[in-house]
Every structure is written in C-alpha cells, then in structure tokens.
2 protein chains.
Amino acid sequence: MRQTDISGNFNSRHSKMIDILIQHINSKINNKLTESDISLLSEVFHTKKLRKHQYLIQSGEVCKIAAFVVKGALKKYTIDNSGKENILELYIENWWAGDKESFMIGTPTPYYIDAYEDSELLVITKDDFVNILSKLSFYSELNQSLTERQSFQLMKRLHSSQTFTAEQKLDELQNTYPEFFQRFPKHIIASYLGMTKETISRIRSNSSKK
Amino acid sequence: MRQTDISGNFNSRHSKMIDILIQHINSKINNKLTESDISLLSEVFHTKKLRKHQYLIQSGEVCKIAAFVVKGALKKYTIDNSGKENILELYIENWWAGDKESFMIGTPTPYYIDAYEDSELLVITKDDFVNILSKLSFYSELNQSLTERQSFQLMKRLHSSQTFTAEQKLDELQNTYPEFFQRFPKHIIASYLGMTKETISRIRSNSSKK
DNA sequence: AAAAAACGTTGATTTAGATCAACATTTTTT
DNA sequence: AAAAAATGTTGATCTAAATCAACGTTTTTT
C-alpha cells in the first residue's frame, strides 16, 4: 500500500482515499495501474466531504463532476410535481456517483444527488476528465467495464420493475444488495423500488408470520 | 458507396447489407472505417434471414451471436410462469439484437428473441468477435458509444416505469420512438411498456375525446 | 433534558390498472 | 373462398398497492 504521496502535496487522508480508488480500479482492469497512472490519479482526484443532506448535484445544473464514494451513502432522485422524491440510485462505498449523461453530453441533469450519511468522495472535474483521465491507457477498459455492468443491472431492474410484485422486488433487492437494507431506512428503499414504505412494512409483517 | 466486395466471396445482398452496417458504425465513431476494417467486417459478419416467429435466441441458451438488424423487426422477452410474454426490447432497422450479458460473460440468457416480421440480419459469432472484431481499432469507441447510449435509455425507461402513469408512459414512447407505433401492434407495445392492451385501448379512446 | 425530526407500523379507504369475457374487424394461411 | 389467427375495442369486475391518517418509538438537534 502507498504510504505517502510522492509529490508531497497531499495529506495522508487523501493518500488513503486514493489507495482505495486504486484498489477499485485495479479490480476492474487486466493490467495493474502503473506508478505514473497513480501519480496522475492523485493529482486529478481531489477529496470532497459532504454532510448529511448536502447536495452533490441539483436538478437543472450540468453535472461537471464524477465522484467516487470512499465513505458514506448517497441517493440520486427526481422530485415530481407533488414534491415526492423518486429515488433512482443509491450509492455507498466503492460506487460512482453522478449523472453520466449530463457529464458526458453536457445536458442539464434532471436529478438531485445528496448525501444520506456524512460522506467522503474523490471528485474529478470535467476538464481534468477530458484532458487527463480519459486519455490514460486504462480508462477505456475501466469505463467499458463499469458502463456494461451498469447497463446489465438496469436491464434487470427494469424487468423486475415491470413484472415483479412488490414482494418479489423486495426479495430480489435483499438478495442483490443486502447492504442497502442495513444502510438505508425503509422509506428510501421503498422509493428506490418504486413502492411505498407502508407496502414494505406490510410485506415484512406478513412474511415474518410465515 | 461500396458496390462489390473486393474478395468476390459475397453476393450483392451481403454487400449492400455490409454497406448499411458501415454507415451505422461510421455514424458512431470519429474516424471513418478504413478499407481494411471494412474488408474484415465483410468477412466476420454473415447474413441471416429470420421468418416471422422464428427465434434468434431462446431462454436457457448461451447467446453466441451478436446481430445487427438490416431489415425487419424483432422482440426480446421473458416468459413468466403463467406463460405471459414480458417484452424488454424491440428492435428494428439499425438496432443491435442479442443478450450482451450472456454473450460477453457466457451465462445462460433468460430471454427469447424472435422475429416479429421477416428479418435480415448481419450476425457475428462469439469467436469472430473475440478474435477479430474486438481487436479492431474502432471497436472500443463503437462499443462505448452503444453501451453508454443503452445505459442512458435504460435509466430513463426505469424512471418512467416507476413514476409515470400508463398515459404518460404511452406519451413518452410516442415521442421517443414513434416508429415503434407504426411497426408493432398494440399488445406488443403494451407489454414493452409493462401494461395491457386494454389499458392502451382505453387511453387512446379517452385522449381522442379531448 | 426537552423538543423536533425521522422512522416504522397499522387500519380504513381509494384507485389505477389488471383480469375476464365477449365481440367486431382485419390479416394471414390453407 | 373459407377458415384460422391476429388485432383492437368495450364492459364488468377484481385486486395490488397507493393514499390518508393516526400513533408509538427511536434518533437527532438544540
């Protein structure tokens, strides 16, 4: 593990966070990151802390950052006319948070992302992404791996959303992302699954009777 | 436009179909395909005709092909316990049909894909994909463009699936893919949107009264 | 320590859309 | 040309889940 940063420009928390990012990237690519890759990553990713309830991005903005979650928990959602949050994604440690479509294409995002727990992120700006990160040799493989995975997951979620009962959706989530259950309260899980907290409560009290 | 194939091994329909594929790929990448790319594409993509109702892939198989639709219309669906088709994707001209997860990872596919109209496809096998296509310089950019687009679309579909009324879903589809309405009967559109043909029928008779 | 906010449960009622059924029309197959 | 299959509509009924509401418990804030 890297103990200090070669340039000496970063504090030790930043170094530790970069170590976690490196492990994550290495797990997604075939050839390990080189020292020069790592050195560049250290420069382009800066730390950002978010307190609970703070926004990472807000609807209407162009998303100008991509963020890797080192610690904490966040949610991505829209707000409908009646003011209701519709949660689309949940992020915990080792997930990437952001609106990739807005980030890549430059269209305004329809989403809010905020911290559900106090969080520590590694953030890269669009400029550094375009000029540096996207040109590194590992980037294409990393991006492909993440995008493909995302797309497979979304296909499954769409399928369950359209064909499963509330109980089946809940079961599937418990099997697929059991972490989410310990981490988020039921009304957030409910919104993520497109149902209400009351429905979750009723399913749980029924299934415990069986 | 290419009129004949250099090698002379392919008939003129194959050449015309490859021309369409080339146009499609060129529209997704920055540097146009080279003559040598085109020549390799001609070799690895072979034509396949499907008659209406014929399967391209069936649930339980490993998907060993990727197919580009030159002509026709297909649907991808699961079949649930009660025998009901749940349609996940519709494909017409210039779409790619297949189960990418099964194709890439080698897991059995849960999907059926069959022809809704007589169709003409350009098909590549997994072997040719791995040994040839995936190594061509344009592939990574093409794949990234297609996968990202797919993932953006799926996010939007998931969002509408969870938050829109049947009428809003129908509206959105008419705006996003108006072609699908002319091409597929209402019970197929209904299944694709996760509703019933009766619901579509009722929405249409209501909105025509307004 | 008190107040406020967040969380979770249970009951009563409503509702969007599914299901079931019958039928008319159009298209395809033989 | 006749039969069969596919498509689309309308009505009656049902149902899973939403909504509305009240309340207890836990956690957070002051």
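Letters A, B, ... mirror the listed sequences (proteins, then strands); counts begin at 1.
- Taking every side-chain heavy atom of B:K84 into account, C:dT19 is the closest of D:dG8, C:dT19, C:dC7.
- In this structure, B:R204 atom CZ and D:dG8 atom P are separated by 8 Å, rounded to whole Å.
- The listed nucleotides are D:dT19, D:dT10, C:dT10; the one nearest the side chain of B:S205 is D:dT10.
- Judged by the 6.0 Å distance and 45° axis criteria, A:K169 is not positioned over the aromatic ring of A:F164.
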request  = Determine, step by step, whether A:T109 and A:K100 satisfy the side chain to side chain contact (heavy atoms under 4.5 Å, CB included) criterion, reporting the C-alpha distance in whole Å, the side-chain angles of both residues, the deciding distance to 0.1 Å, and the verdict.
outcome  = CA-CA 9 Å; A:T109 181; A:K100 198 171 178 188; over 6 Å; no
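- Looking at the side chain of B:H187, the nearest of the listed nucleotides C:dA18, C:dG8, D:dT7 is D:dT7.
- To the nearest angstrom, P of D:dA22 lies 14 Å from NZ of A:K197.
- Phosphate contact (OP1/OP2 of C:dC7, side-chain N/O of A:Y116, threshold under 4.0 Å): present.
- Atom-to-atom, CZ of B:R202 to P of D:dT9 comes out at 11 Å; the value is rounded to the nearest Å.
- One can place NZ of B:K52 at 8 Å from C1' of C:dT28, the figure rounded to the nearest angstrom.
- Heavy-atom nearest nucleotides on DNA chain D were determined for B:I188 and for B:E198, and the one closer to the 5' end corresponds to B:I188.
- Cation-pi contact between A:K126 and A:F129: absent, since separation from the ring centre below 6.0 Å together with deviation from the ring axis within 45° is not met.
- Using a 4.0 Å heavy-atom criterion, one finds that A:F184 contacts no nucleic acid atom at all.
- Between A:E85 atom CD and D:dA18 atom P there is a gap of 17 Å when expressed in whole angstrom units.
- For B:T196 and C:dA18, the shortest distance from a side-chain N or O to OP1 or OP2 is below 4.0 Å.
- If you measure from atom CZ of B:F164 to atom C1' of C:dG17, you get 17 Å, rounded to the nearest angstrom.
- Taking the nucleotide of DNA chain D with the nearest heavy atom to each of B:I200 and B:H53, the more 5' of the two is matched to B:H53.
- In the set D:dT7, C:dT19, D:dT9, the nucleotide with an atom closest to the side chain of B:S201 is D:dT9.
- Atom-to-atom, CD of B:Q162 to P of C:dG17 comes out at 15 Å; the value is rounded to the nearest Å.
- Under the salt bridge (Lys or Arg N to Asp or Glu O under 4.0 Å) rule, A:E117 has a single partner from A:R183, A:K71, A:K49, A:K52, which is A:R183.
- The ring of A:Y116 has its center closer than 6.0 angstrom to the ring center of A:F184.
- Counting any heavy atom pair closer than 4.0 Å across all strands shown, B:T199 reaches sugar-phosphate atoms only and no base atom.
- The CD atom of B:E117 sits 14 Å away from the C1' atom of C:dT27 (whole-angstrom rounding).
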